[in-house]
Structure formats: C-alpha cells, structure tokens
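Here is the structure we will look at, set down as structure tokens.
Starting from 1, each residue takes its place in the sequence as its number.
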Amino acid sequence: HLLLAFRWGILFSHPRDFTPVCTTELGRAAKLAAEFSKRNVKMIALSIDSVQDHLGWSKVWGMGRHNGTSEGQRKSTHGLSRSSKAAGQTSAQLLTLSPCVQVFIFGPDKKLNLSILYPATTGRNFDEILRVVDSLQLTAYKKVATPVNWKPSNSVMVVPTLPDEEAKKLFPKGVFTKDLPSGKKYLHYTPHP
C-alpha cells in the first residue's frame, strides 16, 4: 500500500476522469504538492476510469498549470467538454454520475482522521485541507486543540484534561484563559508551540 510508506495520507475521490470541477482540483493539488510533501503527506486521487484515461486526463490538466484561474480554467474546461462529448457524455452527465466527492485523511496509525463530503458541483478547498492537515498533525503531537478559524502560528487551546502543573511544564510560553460572559474559566490557550 502506498499509504503505508508515509506517515500521513489523503485520498480524493472523483466521479470520472475529465470532469471539469475535478480538473481544477487536480491542478491545485499539483500546485500544492510540495506543501503536502513538507508535511509528510502522500496524496492519491481515485476515479473509476482506466490508467489510459488517467494519463490522458493528466495531459489535459497540465500537471498543475490549471489551478482554477480564469484563463487556465476556461482552456481546461473547453478541452474537457470536447473529450467528454467524444466519449458520448456531457459535463453535466459526468457530474450526475456521482453527486458527491470525498476527501479522506489518514494519520500515522493508518486510521481515518477526517472525511469531508462535497457536492460534485463544488470544488474542494485545498487551502482548507492543508490547514486541517496542519491542525491534525499539531494536535496529534502536542496536547492542544485548534479553535475556530485557527491558522498556523495562531494561539492554540490546551486540552481541558491536562492538569495545570503539567500544562506549565509543557507550555513554557504560558497559558492564559479566555474570559467568557458566563464567568466560566475553561478555555485555556497558549501561543503556538
């Protein structure tokens, strides 16, 4: 298994090769490949078509040149429409083959850490997927959680089960509590470890 050679893995499902929305996604994934590699993440895209179709599709999407920008997307989508029609299917028919696409992120223990289901008509947000990988890796190795809209380098939350004395040792930059209207003191933060 390819995933076993890496500590983290991502699987992306696609309804078929030569689908316009997925073409823009593969372009973006290719553009971010170095960022995923830095995080020791192996990406794999899956569809039901043949290896020959996959190779033809990779030529159409240009190995990362078409990343959803207007000119690249227009050229890519035009080429896909012709390829789809040649196969006897319109782009709309291809999208209805599978109304959903998924993202699966596996951790170093080879267990599923995240699954996101998107409608086939909505492109996946690869910047968000990269952010989630950052959060999953940080929370897997440190005793922290990431709050709403967290971004790398932002403060993180100290897990509530961590005793105060241990938190002081683990987080030498300090732990602070966010004030809530209720007066409860359970949201503990620390600067990014």
Practice prompt. Begin with the C-alpha distance, continue with both residues' side-chain angles, and end with the deciding distance and a verdict on side-chain contact (heavy atoms from CB on, under 4.5 Å) for E25 and F12.
Written response: CA-CA 10 Å; E25 293 174 344; F12 304 102; over 6 Å; no
Practice prompt. Check the pair K169 / E165 against salt bridge (Lys or Arg N to Asp or Glu O under 4.0 Å), numbers first and verdict last.
Written response: CA-CA 7 Å; K169 290 177 189 172; E165 289 305 312; over 6 Å; no
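In plain terms, the two heavy atoms of P147 and V156 that are nearest each other are CD-CA, 4.3 Å. I105 and V133 make their closest contact through CD1-CG2, 4.0 Å (heavy atoms, listed as atom of the first residue, atom of the second, distance). Y118 and N125 get closest at one heavy-atom pair: OH-N, 3.5 Å. A pairwise comparison of heavy atoms in A145 and V159 identifies N-CG1, 4.3 Å as the closest pair. Considering all non-hydrogen atoms of both residues, P119 and V101 come closest at O-CG2, 4.3 Å. When every heavy atom of Y141 is checked against every heavy atom of W8, the shortest pair comes out as OH-NE1, 3.2 Å.
Note that CG of L162 and NZ of K168 are 12.0 Å apart. Values are rounded to the nearest 0.5 Å. One distance of note links CD of Q102 with CG of L114; it measures 10.5 Å at 0.5 Å rounding. Atoms CG and OG1, on D134 and T139 in that order, are 10.5 Å from each other to the nearest 0.5 Å. Taken to the nearest 0.5 Å, the CZ atom of F106 stands 5.0 Å off from the CG atom of L112. Here NZ of K184 is found 14.5 Å from CG of D179. Values are rounded to the nearest 0.5 Å.
With hydrogens and angles disregarded, no donor-acceptor distance shorter than 3.5 Å links the side chain of E35 to the backbone of L130.
A continuous path of ILVMFWY side-chain contacts below 4.5 Å connects Y189 to L180, so both sit in one hydrophobic cluster. Put simply, L187 and L138 are part of two different groups of oily side chains (I, L, V, M, F, W, Y) that touch within less than 4.5 Å, one to the next. By the rule that hydrophobic residues join a cluster once side-chain heavy atoms approach within less than 4.5 Å of another member, M157 and F176 end up as members of one cluster.
For residues 112-121, no pair satisfies salt bridge (charged side-chain N to carboxylate O under 4.0 Å, His left out), with sequence neighbours left out. For residues 142-162, the set of pairs meeting the side chain to side chain donor-acceptor pair (under 3.5 Å) definition, not counting sequence neighbours, comprises S135-T146, K143-E166.
A perpendicular orientation is assigned to the rings of F36 and F126, their planes being inclined by more than 60° (bins at 30° and 60°).
Annotation: D164, atom CG; neighbour count of heavy atoms from other residues, nucleotides and ligands within 6.0 Å does not exceed 12.
Two residues are said to be in side-chain contact when any heavy atoms from C-beta on lie closer than 4.5 Å; V103 and I10 meet this criterion. Side-chain contact between M43 and L11 is absent, with no heavy atoms from C-beta onward closer than 4.5 Å. Under the 4.5 Å side-chain criterion, counting only non-hydrogen atoms from C-beta, F104 is not in contact with L46.
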